[in-house]
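The sequence lines fix the lettering, A, B, ..., with proteins before strands; numbering per chain opens at 1. Just so you know, these numbers come straight off a predicted model, no measurement behind them.
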Protein chains: 2
Amino acid sequence: MPVTQKDIARYTGLSRSTVAQVLTGLGHQAPETLEKVLNAARELGYRPNSLARALVTGKTQTIGFWYSPFINPVSMHLINGLDKQILPYKLSPINVWNRERSLSLPDEFPVAEWPVDGIIAHNIGHLPDWMWHEGRLNKPFVSLVYDAFPYRPGPEIDTILIQIRPGCQTAVEHLVKTRKRVALLCIESMPLYGDVRVQVYEKAMQAAGRPLETILTPLGQPLRLSTKQAVTAHVKAHGCPDAIFCGNDEQAIAAHGALQELGFRVPQDVALVGNDGLEEAAYHVPSLSTVALPIEEIVSVAWKFLQKRITRPDAPRQYAELKTSFLPRDSS
Amino acid sequence: MPVTQKDIARYTGLSRSTVAQVLTGLGHQAPETLEKVLNAARELGYRPNSLARALVTGKTQTIGFWYSPFINPVSMHLINGLDKQILPYKLSPINVWNRERSLSLPDEFPVAEWPVDGIIAHNIGHLPDWMWHEGRLNKPFVSLVYDAFPYRPGPEIDTILIQIRPGCQTAVEHLVKTRKRVALLCIESMPLYGDVRVQVYEKAMQAAGRPLETILTPLGQPLRLSTKQAVTAHVKAHGCPDAIFCGNDEQAIAAHGALQELGFRVPQDVALVGNDGLEEAAYHVPSLSTVALPIEEIVSVAWKFLQKRITRPDAPRQYAELKTSFLPRDSS
DNA sequence: ATGAAAGCGCTAACAT
DNA sequence: ATGTTAGCGCTTTCAT
């Protein structure tokens, strides 16, 4: 049985509130009392119950990170970065995917129940805006969204719009300029949703009068494996492009594996450009050109926004736009 | 202001306990009352307060994952795997590194205060055993440890010992058999602690009558960057080994980058073997030989142990040993 | 079938 | 400087 303040009170013969005041460091106690309580706490092995404290203060000292159903390296890097930034807050990943709903009270959005003081949502789209608008999510909230598909951020909640368009544009132009047959490699859902990578690619190709060449990989399969298979199949069926613009770094690396096995070299035979700019890309061999997300900046701005919102709930809505940048490296 | 059961009670004219019974699905209510409460809950937008529930039930429906100070890809994979396994429990990463201690009540181990129903510790060494022994950690607990350095798991808490020795042994023997000059690449702290990778390497080399060659990288620096620098410096100073046994996959990949820039090819000039067996290794080009951790198995056994301990706190101590295996691929 | 009452461990306003 | 009191939102036992 855990030791409580009550136990300390009984042990020292003081009242519970005196004990509490000492332990929270608030009241004005006689130095003697102070020591008595602290000693008792140590002797008995007292540990504060963060749940009880949170219940009464309304603050859990925890930040939630709400990520999209398919966890990916970018989410992982953000979690990692946030975990360091937000001290002394704790970080709690919010996974609502496949999660049981309340037994008797169906609700599609258990995220609202997460015991956190604020939430950073990564790539959840319009759902947070909608929930906020409906009053189902009234706690400090920052939404990280991409311009990846034709997206207009809602006007209410604090938002960081990450623009991948600029970096993509530079990257694709670079490929179109230096190579003949430029293909796009991406997950099959991306063209359907009008992803900006697809848009940028198609527009640039059309402007250059080149035919489109798209390699699609299935959704919900192991990404690297399915990508390798798709690239292999495509090259066998249609021959090999001399440049591939890839939806993300993992796909670029998987494509490299496929090309290698087919006897094509990167960058001599095929130029490769990825997306995301994770550490992995920089240390691939050859180092992978990529459209890099400003992860550090995303983390620090998100935390800045959230802190502000926590301390000043009525502050005007905060909004920022962060841009990707093209990092040319050896693979192109 | 969030809607509480009290609000529902007032709204429906019923008592708070009746409302509570309906909402927890326990009591025997008139179907009419039942509907009334549920409707009111929906209309008012009631959401249960998980904190209050946890306080009274003593169960948070959350599992903690306590990881070592330097977060690494293996921890990330474990987090990822656990997050899926443990539904409907939540997962809470426990980061005690640099965390503020209680103001007035210094404690080196805030982990004990984390509001979780059980903890899975990854690579924390003897600390959990000690805390348990001292009674500072009396909740369900599973410790994942490695035989990496001369480690004897404590006899009290549920433990999974991950043996990297078998896989390493096969890997090193393979290198010694097929190559002439086999080097070891690892973080500088590993030899100091008698890491099993170092042991296995040194023993095999001595048995083969070969001289030791060790490339050390600094602790606490960006791993890939510092590794690349260390390998480059080493090769420039001492020439190039024709095989490198690497402390982990990231280091192997970084080493590959360095070798490439120096004009050496993998595997023709240098064979490379990593450790960990993450997805990244399999899709590197060339695919990276590695000593693979049984991540899936670790996750499922850990969760099995913890569940058992949660439901039956007095069950006999659980213990398992899981082995790594050498996965020979193109890089060697 | 419903309600009254106690209590989880803690904080905080107020009284002494 | 210390104690009294109330209450956070919920579960649970026991009366009615």
Side-chain angles (χ1 to χ4, degrees), chain A residues 1-38 40-41 44-61 102-105 112-117 138-139, chain B residues 1-38 40-41 44-61 102-105 112-117 138-139:
Chain A
M1 221 45 209
V3 179
T4 70
Q5 294 187 355
K6 204 174 173 180
D7 296 319
I8 300 181
R10 194 162 30 215
Y11 186 81
T12 55
L14 292 159
S15 79
R16 284 155 74 191
S17 54
T18 304
V19 170
Q21 303 211 39
V22 172
L23 257 18
T24 49
L26 279 181
H28 302 251
Q29 266 62 40
E32 188 193 327
T33 316
L34 219 123
E35 203 171 338
K36 199 160 33 164
V37 170
L38 255 29
L44 299 177
Y46 168 78
R47 295 281 81 214
N49 180 327
S50 60
L51 247 38
R53 175 176 296 170
L55 180 59
V56 62
T57 59
K59 261 85 189 65
T60 58
Q61 298 287 63
S102 312
L103 196 63
S104 55
L105 198 67
E113 278 158 54
W114 235 265
V116 293
D117 296 340
N138 47 4
K139 56 179 77 177
Chain B
M1 221 45 210
V3 178
T4 69
Q5 294 187 357
K6 202 173 174 180
D7 297 318
I8 299 180
R10 197 165 26 218
Y11 185 82
T12 55
L14 291 160
S15 79
R16 285 155 72 194
S17 51
T18 304
V19 170
Q21 305 212 38
V22 172
L23 257 19
T24 50
L26 277 181
H28 302 251
Q29 267 61 38
E32 189 194 327
T33 315
L34 219 123
E35 204 170 337
K36 197 161 29 165
V37 170
L38 256 27
L44 299 178
Y46 169 78
R47 297 279 78 217
N49 180 325
S50 60
L51 247 37
R53 175 176 293 169
L55 180 60
V56 59
T57 60
K59 260 86 190 66
T60 58
Q61 299 286 61
S102 312
L103 197 61
S104 55
L105 198 68
E113 280 158 52
W114 234 266
V116 294
D117 296 341
N138 46 5
K139 55 178 77 178

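- If you take CG of B:Asp7 and C1' of D:dG9, they are 10 Å apart, rounded to a whole angstrom.
- If you measure from atom CG of A:Leu44 to atom P of C:dG9, you get 15 Å, rounded to the nearest angstrom.
- As a whole-Å value, the separation of A:Arg16 CZ from D:dG7 P is 15 Å.
- Counting any heavy atom pair closer than 4.0 Å across all strands shown, B:Thr18 reaches a base atom.
- Rounded to whole angstrom, the span from the NZ atom of B:Lys59 across to the P atom of D:dC10 amounts to 20 Å.
- In this structure, of C:dG3, C:dC10, D:dC10, it is C:dG3 that holds the atom nearest to the side chain of B:Gln21.
- Note: A:Gln5 CD to A:Leu44 CG = 12.5 Å, rounded to the nearest 0.5 Å.
- Minimum interatomic distance between B:Leu23 and B:Tyr46 (heavy atoms only, all atoms of both residues): CD2-CE2, 3.7 Å.
- Distance, A:Leu14 CG to C:dC10 C1': 17 Å, rounded to whole Å.
- The distance between atom CG of B:Leu55 and atom P of D:dG7, rounded to the nearest whole Å, is 17 Å.
- In this model, the phosphate group of D:dG3 is approached by a side-chain N or O of A:Ser15 to a distance below 4.0 Å at OP1 or OP2.
- A close approach under 4.0 Å does not occur between any side-chain nitrogen or oxygen of A:Thr24 and OP1 or OP2 of C:dA12.
- Nucleic acid contact class of A:Ala20 (heavy atoms, under 4.0 Å, all strands): base.
- A straight line from CD of B:Glu32 to C1' of C:dT2 spans 13 Å, rounded to a whole angstrom.
- Listed nucleotides C:dC10, D:dT12, C:dG7 differ in distance to B:Val56; the shortest reach to its side chain belongs to C:dG7.
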I'd like to know whether B:Arg16 forms a side chain to side chain contact (heavy atoms under 4.5 Å, CB included) with B:Lys6, so could you lay out the CA-CA distance, the side-chain angles of the two residues, the decisive distance to 0.1 Å, and finally the verdict. CA-CA 6 Å; B:Arg16 285 155 72 194; B:Lys6 202 173 174 180; 4.1 Å; yes
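- Remark: B:Gln5 is in phosphate contact with D:dT11, judged by side-chain N or O atoms under 4.0 Å from OP1 or OP2.
- Here the side chain of A:Asn49 is nearest to one of D:dC10, D:dG9, C:dC10, namely C:dC10.
- Annotation: side chain of B:Gln61 is in contact with side chain of B:Asp117 (closest heavy-atom distance under 4.5 Å).
- In the interface, the side chain of B:Ser17 is paired with the base of C:dA4 through a donor and an acceptor atom under 3.5 Å apart.
- Annotation for A:Pro115 and B:Leu51: closest pair CB-CD1, 3.4 Å, computed over non-hydrogen atoms.
- Ranking C:dG9, D:dT11, D:dC10 by closeness to the B:Tyr46 side chain, first place goes to D:dC10.
- In this structure, A:Lys6 places its NZ atom 8 Å from P of C:dG9, rounding to the nearest Å.
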